[in-house]
Asks: 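Dropping the structure in here first, questions after.
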Amino acid sequence: MASFTRRALQQTLLTLLETMSLDKITVKGIVDTCGISRNTFYYHYEDIPSLLADTLETEFAKTAQSGDPLSRLLTLVAEHRRVFAHIDGSQSRELFRKRLRQAMEASLREELAQRSPSLSPAALDTLAIFFTGGYGALFIRWLEQGAQEPPAEFLTRLNAVLPLVDEAVRRASLGKQP
């Protein structure tokens with residue numbers, strides 16, 4: 001039952017974020033929409049930022065389960081761009097950006113390891129951090145500009161970087177500097 005309630009609170013938060021900034025969402029608004037008591041909310045979460053952190057963790061974890069995790073992560077945020085733009089425009093911006101960077105880095109590590117299992121741990125670390133910075137900067141700029149570019153076009157533009165990733169992996173696998 002506890003996980004059901006937590007998931008219901010997370011879904012309520014995501015639903016409210018479709019139409020309003022995180023800074024305008026209140027515990028009262030969440031519990032009224034969700035149909036639970038304030039005590040139930042506080043049994044599961046300390047405050048809205050802790051609910052947000054758990055929600056981001058849950059949503060980002062879904063993208064890392066199989067296949068192409070980076071593409072799924074970017075697609076998730078792109079498909080729900082209003083939600084993530086509302087989060088990024090709030091006082092919880094740094095929490096969101098930190099979780100996004102962590103999820104991107106984990107996805108890129110997995111992608112790089114799949115592309116070249118022979119990469120040394122140091123090369124894998126260097127490439128994952130480097131490309132996380134690039135993808136993250138492009139992604140944050142897209143959000144800051146109001147996510148106006150259609151998600152499919154944005155993802156196509158991001159995927160144009162893949163030849164650079166492949167070349168860096170190839171060079172690192174050969175022992176050359178990435």
Side-chain angles (χ1 to χ4, degrees), residues 7 9-25 29-30 48-116 123-172 178:
R7 193 64 195 136
L9 287 164
Q10 292 172 2
Q11 287 299 327
T12 299
L13 177 63
L14 292 172
T15 299
L16 292 172
L17 282 167
E18 285 287 343
T19 59
M20 68 178 69
S21 169
L22 181 65
D23 293 336
K24 295 193 186 290
I25 295 174
I30 292 171
I48 292 175
S50 65
L51 169 59
L52 174 64
D54 193 38
T55 302
L56 291 173
E57 190 72 28
T58 299
E59 293 303 311
F60 290 162
K62 289 177 187 176
T63 66
Q65 291 171 352
S66 65
D68 180 2
L70 180 61
S71 180
R72 282 198 323 276
L73 173 65
L74 297 175
T75 300
L76 168 74
V77 178
E79 287 175 348
H80 301 284
R81 62 186 188 256
R82 289 187 351 193
V83 167
F84 292 104
H86 281 141
I87 296 169
D88 194 58
S90 76
Q91 292 179 10
S92 293
R93 170 184 295 124
E94 290 310 312
L95 168 71
F96 166 63
R97 290 183 180 189
K98 179 181 177 184
R99 298 278 192 204
L100 181 62
R101 258 190 320 277
Q102 290 170 339
M104 279 185 171
E105 186 173 330
S107 297
L108 278 164
R109 278 181 194 284
E110 183 178 325
E111 176 81 16
L112 291 166
Q114 287 175 0
R115 286 175 184 265
S116 183
L124 179 62
D125 190 53
T126 299
L127 293 174
I129 292 169
F130 179 79
F131 284 109
T132 296
Y135 276 109
L138 288 169
F139 208 82
I140 295 302
R141 177 175 284 177
W142 179 72
L143 284 173
E144 288 174 345
Q145 293 174 341
Q148 296 301 312
E149 183 179 9
E153 289 177 27
F154 176 69
L155 291 170
T156 298
R157 194 161 51 92
L158 283 179
N159 284 330
V161 176
L162 288 177
L164 298 174
V165 174
D166 289 334
E167 178 61 16
V169 167
R170 186 185 70 73
R171 286 174 173 241

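Residues: numbered from 1 along the sequence shown.
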Asks: If I compare all heavy atoms of Leu127 with all of Ala172, which pair ends up nearest, and what's the gap?
Replies: CD1-CB, 4.0 Å

Asks: Mind checking whether Met20 and His86 have side chains closer than 4.5 Å, heavy atoms only?
Replies: no

Asks: So do the side chains of Arg82 and Leu17 get within less than 4.5 Å of each other, counting heavy atoms only?
Replies: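 With C-beta onward as the side chain, the pair stays apart.
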
Asks: For the residue pair Lys62 and Leu76, establish whether any side-chain heavy-atom pair is separated by less than 4.5 Å.
Replies: no

Asks: How many angstroms lie between atom CZ of Phe131 and atom CG of Leu112, to the nearest 0.5 angstrom?
Replies: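 If I round to the nearest 0.5 Å, the distance is 7.5 Å.
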
Asks: Could you check whether the rings of Phe84 and His80 sit parallel, tilted or perpendicular, using 30° and 60° as the cut-offs?
Replies: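 Aromatic pair Phe84/His80 classed perpendicular.
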
Asks: Looking only at heavy atoms, which two atoms of Tyr135 and Val165 are closest? And how far apart?
Replies: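 So the two residues come closest at OH-CG2, 4.3 Å.
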
Asks: Distance check, rounded to the nearest 0.5 Å: Ile87 atom CD1 versus Leu14 atom CG?
Replies: 7.0 Å

Asks: Check this for me, if you would: do Glu167 and Arg171 make a salt bridge, where the nitrogen-to-carboxylate-oxygen distance has to be below 4.0 angstrom?
Replies: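 Yes.
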
Asks: Taking all non-hydrogen atoms of both residues into account, name the closest pair between Leu124 and Arg109 and its distance.
Replies: CD1-O, 3.7 Å

Asks: Applying the salt bridge (Lys or Arg N to Asp or Glu O under 4.0 Å) criterion to Glu144, which one of Arg97, Arg81, Arg93 satisfies it?
Replies: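 Running salt bridge (Lys or Arg N to Asp or Glu O under 4.0 Å) over Arg97, Arg81, Arg93 with Glu144 returns exactly one hit, Arg97.
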
Asks: Roughly how far, to the nearest 0.5 Å, is the CG atom of Leu138 from the CZ atom of Arg157?
Replies: 6.0 Å

Asks: Kindly compute the distance separating OG1 (Thr12) from CZ (Arg7), expressed to the nearest 0.5 Å.
Replies: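 That separation rounds to 10.0 Å.
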
Asks: Does CD in Gln102 sit with more than 12 non-hydrogen atoms of other residues, nucleotides or ligands closer than 6.0 Å?
Replies: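 Buried by this count: over 12 neighbours within 6.0 Å.
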
Asks: So do Leu51 and Ile30 actually touch side chain to side chain, heavy atoms under 4.5 Å?
Replies: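 Heavy-atom side-chain distance check passes, below 4.5 Å.
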
Asks: If you round to the nearest 0.5 Å, how far is CZ of Phe130 from OG1 of Thr126?
Replies: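 Atom-to-atom, Thr126:OG1 and Phe130:CZ are 10.5 Å apart.
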
Asks: Between Arg101 and Glu105, does any side-chain N to carboxylate O distance fall below 4.0 Å?
Replies: no

Asks: What class does the angle between the rings of Phe154 and Trp142 fall in, given that below 30° is parallel, 30 to 60° is tilted and above 60° is perpendicular?
Replies: parallel

Asks: Hey, could you give me the CG/CG distance between Leu52 and Leu13, rounded to the nearest 0.5 Å?
Replies: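 So the CG of Leu52 and the CG of Leu13 are separated by 6.0 Å.
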
Asks: Could you check whether any side-chain N or O of Asp23 sits under 3.5 Å from a backbone N or O of Gln91, counting only pairs where one atom can act as donor and the other as acceptor?
Replies: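 Side chain of Asp23 to backbone of Gln91: a pair is present.
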
Asks: For the side chain of Ser116 and the backbone of Ala113, is there at least one donor-acceptor N/O pair under 3.5 Å apart?
Replies: no

